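Worksheet: one structure, shown below.
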Amino acid sequence: KQEVTQIPAALSVPEGENLVLNCSFTDSAIYNLQWFRQDPGKGLTSLLLIQSSQREQTSGRLNASLDKSSGRSTLYIAASQPGDSATYLCAVTGGSYIPTFGRGTSLIVHP
Amino acid sequence: KAGVTQTPRYLIKTRGQQVTLSCSPISGHRSVSWYQQTPGQGLQFLFEYFSETQRNKGNFPGRFSGRQFSNSRSEMNVSTLELGDSALYLCASSPRDNQETQYFGPGTRLLVL
């Protein structure tokens, strides 16, 4: 059974810092890994999707990497802003086609 | 394009009742997935529908069911509600399957008393 762990569970940083959020998974036989953000009481917004054959994806200040062999992904946020405050979730989809989500990292960026 | 819409946004029910939630996907999207989010269990996959057929199902009891209509709109039903069914129910759509980027609706918050 796939298990997804996100570290740290919570993070509070001053504006402008570069951040690294971590996601690890137990079964490396995956189709893809997605990073989402969720604002309080709202749905999820897809940030990046990395196919199993890819090593990384970039969108603006966000960069996500994938290392299947070690079962890890990192989300790098450059020059953080208060508007980046949210919960960040990673989800892994494998052979069962059932996405498995981590519990998320709650990020606060203070001015 | 309009985003994924879910109705109702908030719902209060009592134990033993049943509830039906609705999801309208983005126009042209044929895959609809449902998720349950609770503080205790996090976000868990319920099921995925494509072309009116359930394609995948998560580890939930038979009280949770769903269906999809020919216009790709989907409903999920929970019968014999339990207190533990209180949660945010999220719907997501994608063009073909949940292996692609999924677009989430705002969710329906269900409270069971």
Side-chain angles (χ1 to χ4, degrees), chain A residues 1-7 9-10 23-27 29-54 57-60 62 64 66 68 75 86-106, chain B residues 2-7 9-11 21 23-26 29 31-50 53-60 64 86-111:
Chain A
K1 178 189 170 188
Q2 180 75 270
E3 293 182 2
V4 179
T5 304
Q6 291 189 245
I7 295 173
C23 172
S24 61
F25 45 96
T26 54
D27 186 348
I30 66 170
Y31 284 110
N32 65 43
L33 183 145
Q34 295 190 59
W35 283 94
F36 298 89
R37 71 172 276 168
Q38 184 175 30
D39 294 284
K42 298 189 177 180
L44 278 65
T45 299
S46 179
L47 297 173
L48 292 164
L49 182 150
I50 310 176
Q51 301 290 353
S52 61
S53 57
Q54 298 174 320
Q57 284 286 341
T58 298
S59 176
L62 305 179
L66 173 64
K68 279 201 322 177
L75 178 66
T87 296
Y88 290 81
L89 297 135
C90 71
V92 173
T93 302
S96 64
Y97 301 102
I98 293 177
T100 303
F101 285 78
R103 299 304 298 270
T105 293
S106 177
Chain B
V4 177
T5 58
Q6 294 187 244
T7 57
R9 293 292 313 278
Y10 304 92
L11 206 48
L21 311 181
C23 171
S24 293
I26 290 172
H29 285 192
S31 168
V32 174
S33 296
W34 287 89
Y35 298 86
Q36 181 197 65
Q37 187 174 34
T38 61
Q41 298 297 320
L43 215 158
Q44 295 182 286
F45 173 81
L46 280 158
F47 27 65
E48 181 199 9
Y49 284 87
F50 178 84
T53 301
Q54 187 180 88
R55 192 153 59 178
N56 290 296
K57 188 177 190 305
N59 189 25
F60 278 82
F64 292 81
S86 295
L88 180 67
Y89 289 88
L90 294 163
C91 161
S93 78
S94 52
R96 288 174 298 276
D97 58 44
N98 63 9
Q99 309 308 305
E100 307 168 292
T101 297
Q102 294 186 71
Y103 297 85
F104 281 76
T108 293
R109 187 163 295 280
L110 171 64
L111 177 61

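The structure presented is a predicted model; accordingly, all values stated were derived computationally and were not measured. Proteins get letters first, then strands, A, B, ... in listed order; numbering begins at 1 in each.
Only the side chain of B:Q37 comes within contact range of chain A, judged by heavy atoms closer than 4.5 Å. Heavy atoms closer than 4.5 Å to chain B are found in both the backbone and the side chain of A:L44. For B:L43, the parts lying near chain A are the backbone and the side chain together; criterion is any non-hydrogen pair under 4.5 Å.
Among pairs with a residue in residues 40-54 of chain A, those fulfilling side-chain hydrogen bond (donor to acceptor under 3.5 Å, both in side chains) read A:Q54-A:Q57, at least two apart in sequence or across chains.
Crowding of B:Y103 atom OH: a count of heavy atoms from other residues, nucleotides or ligands under 6.0 Å not exceeding 12.
Considering B:R109, B:Q6, B:Q36 as possible partners of B:Y89, the one that fulfils the side-chain hydrogen bond (donor to acceptor under 3.5 Å, both in side chains) test is B:Q36.
With contacts defined as side-chain heavy-atom distances shorter than 4.5 Å, the pair B:F64/B:K57 does not qualify.
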